[in-house]
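Keep in mind that this is a model prediction, so the values were computed, not measured. Naming: A, B, ... by sequence-line order, numbering from 1 per chain. Quick note: numbers below take in every heavy atom, side chains included, and nothing from hydrogens, waters or symmetry partners.
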Amino acid sequence: MTLPIARPDPERLVRIQKLLEKLVLDSISAARPWRASDSFYCLGLDAAYSRRYGGVGAAVLLDTRLKLLDKEISLGEPNIPYIPGLLAFREAPLFYAALYPLMARHSYKRHNMVIFVDGHGVSHPRRTGIASHIGLALGLPSIGVAKKRLYGREVVTEKTCNEPPCIIGYLEGDDGNKLAAIIRTYTGSRIYVSPGAYIRLEDAVELALTCLRHRPLPEPTYQADKLSKRIARSLDRGTIRPADLKHGLKGLLVGDSSTH
DNA sequence: GCGACAG
DNA sequence: ATCTTGTCGC
């Protein structure tokens, strides 16, 4: 029989986020300061879409030196369309599905892990961007890395940036609080970095800067973006089939011509 | 009514 | 996010 899953109507999802808002803000207020000297592991999450098989979630694990340690992907048809502000309800299930097996392989590392998510954290109308949902659900500090603004007044404090990366401004909420930093990367791209949960803005920004290379996104998010897009394109080209992904990714991604 | 609007 | 050719630049 069909399970009585509650209808994902937007109004109900918005109410859920209004309840989560307090949890998110409390997790940030109570967050322990990040120690720059600590070694850490970072997870990167992103999603792409294949016409034939729907959503592709990608999770990657990097170490302090930004070396890729492990990766995992997931497939699934999203339950709801994209609605600004409700992205988490569309894409987070893909992330959880990829994270579960990945985390199982590295459970002892979770005590010093941070999650980078493609999308916003608290720079969201209800302070509950997808990075906040993920951080709350996993009980881990999370950081949102977005390419475009969603919410907040854009305040640019530095018109120029001679030696990137630079913090060129921020997004502020109605109450005047800083919600996200606007960063100019080494490649000249602009990204919006905001805390998801369990971490403060200044620490989120410091970590994001630490994870920057000569690329348009911080390494964790960049690697996840590349992986998800590559899988989605390979699926559509028929280079790989969903069944090929059920026994791990090893060997599937080398010599794949889909990048040409 | 008119914009704005992560991915 | 995705659909898409050529093109400017390192």
**Q** Look for any protein N or O under 3.5 Å of an N or O in nucleotides 1-7 of chain B and output each such pair with its distance, or none.
**A**
residue : atom : partner   : partner atom : Å
dA4(B)  : O3'  : Arg149(A) : NH2          : 3.3
dC5(B)  : OP1  : Arg149(A) : NE           : 3.4
dC5(B)  : OP1  : Arg149(A) : NH2          : 2.8
dA6(B)  : OP2  : Tyr82(A)  : OH           : 2.5
dA6(B)  : O4'  : His120(A) : ND1          : 3.3
dA6(B)  : N7   : Gly85(A)  : N            : 3.1
dA6(B)  : N6   : Gly85(A)  : O            : 3.0
dA6(B)  : N6   : Leu86(A)  : N            : 3.4
dA6(B)  : N6   : Leu87(A)  : N            : 3.2
dA6(B)  : N1   : Ile130(A) : N            : 3.1
dA6(B)  : N3   : His120(A) : N            : 3.1
dG7(B)  : OP1  : Lys147(A) : N            : 2.8
dG7(B)  : O3'  : Asp118(A) : OD2          : 2.9

**Q** Take atom NZ in Lys147(A); do more than 12 heavy atoms of anything else shown fall under 6.0 Å from it?
**A**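 It does: Lys147(A) NZ has more than 12 such atoms within range.
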**Q** The criterion is side-chain contact (heavy atoms from CB on, under 4.5 Å); which residues satisfy it with Asp63(A), sequence neighbours excluded?
**A**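 For Asp63(A) the side-chain contact (heavy atoms from CB on, under 4.5 Å) partners, ignoring immediate neighbours, are Tyr41(A), Arg65(A), Lys67(A), Leu69(A).
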**Q** Would you sketch DNA chain C in dot-bracket for me? Only Watson-Crick or G-U wobble pairs with both distances under 3.5 Å count, crossing pairs as [ ], other-strand pairs as |, the rest as dots.
**A** ..........
**Q** May I ask you to list the residues of residues 163-186 of chain A, by number, that have any heavy atom positioned under 4.0 Å from an atom of DNA chain B?
**A** none
**Q** Output a table of nitrogen or oxygen pairs between the protein and nucleotides 6-10 of chain C separated by less than 3.5 Å.
**A**
none

**Q** Each residue besides Tyr186(A) in its hydrophobic cluster should be listed here, by chain and number; the cluster joins Ile, Leu, Val, Met, Phe, Trp and Tyr at side-chain heavy-atom distances under 4.5 Å.
**A** Trp34(A), Phe40(A), Val114(A), Phe116(A), Ile143(A), Val145(A), Ile167(A), Ile183(A), Ile191(A), Val193(A), Ile199(A), Leu201(A), Val205(A), Leu207(A), Leu209(A), Leu212(A), Leu217(A), Tyr222(A)
**Q** Quick test of your reading: applying ring-ring contact (aromatic ring centres under 6.0 Å, His included), list the pairs with at least one residue in residues 55-96 of chain A, sequence neighbours left out, ordered by first then second residue.
**A** Phe89(A)-His133(A)
**Q** Take atom CZ of Arg233(A) and atom P of dT2(C), then tell me their distance rounded to the nearest Å.
**A**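 Distance check: Arg233(A) CZ to dT2(C) P gives 8 Å.
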**Q** Could you summarise the pairing of DNA chain B as dot-bracket text, marking Watson-Crick and G-U pairs under 3.5 Å with ( ) or [ ] inside the strand and | across strands?
**A** .......
**Q** Would you check if there is a donor-acceptor pair between the side chains of Thr221(A) and Asp118(A) at a distance under 3.5 Å?
**A**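 The criterion, which ignores hydrogens and geometry beyond distance, is not satisfied for Thr221(A) and Asp118(A).
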**Q** Please name all residues satisfying side-chain hydrogen bond (donor to acceptor under 3.5 Å, both in side chains) with Ser142(A), sequence neighbours left out, ordered by chain then number.
**A**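 Counting only residues at least two positions away or on another chain, Ser142(A) forms no side-chain hydrogen bond (donor to acceptor under 3.5 Å, both in side chains).
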**Q** Got a sec, which residues hit side-chain contact (heavy atoms from CB on, under 4.5 Å) with Lys148(A), two or more places apart in sequence or on another chain?
**A**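 Not a single residue meets the side-chain contact (heavy atoms from CB on, under 4.5 Å) criterion with Lys148(A).
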**Q** Any Lys/Arg nitrogen of Glu158(A) or Arg184(A) sitting under 4.0 Å from an Asp/Glu carboxylate oxygen of the other?
**A**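 No.
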**Q** Return yes when atom CZ of Arg241(A) has more than 12 non-hydrogen atoms of other residues, nucleotides or ligands closer than 6.0 Å, and no otherwise.
**A** no
**Q** Linking Ile, Leu, Val, Met, Phe, Trp and Tyr by side-chain heavy atoms under 4.5 Å, what else ends up with Tyr170(A)?
**A**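 Besides Tyr170(A), the hydrophobic cluster comprises Val155(A), listed by chain and residue number.
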**Q** Please enumerate all residues that pass salt bridge (charged side-chain N to carboxylate O under 4.0 Å, His left out) together with Arg153(A), with sequence neighbours excluded.
**A**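 Only Glu172(A) meet the salt bridge (charged side-chain N to carboxylate O under 4.0 Å, His left out) criterion with Arg153(A).
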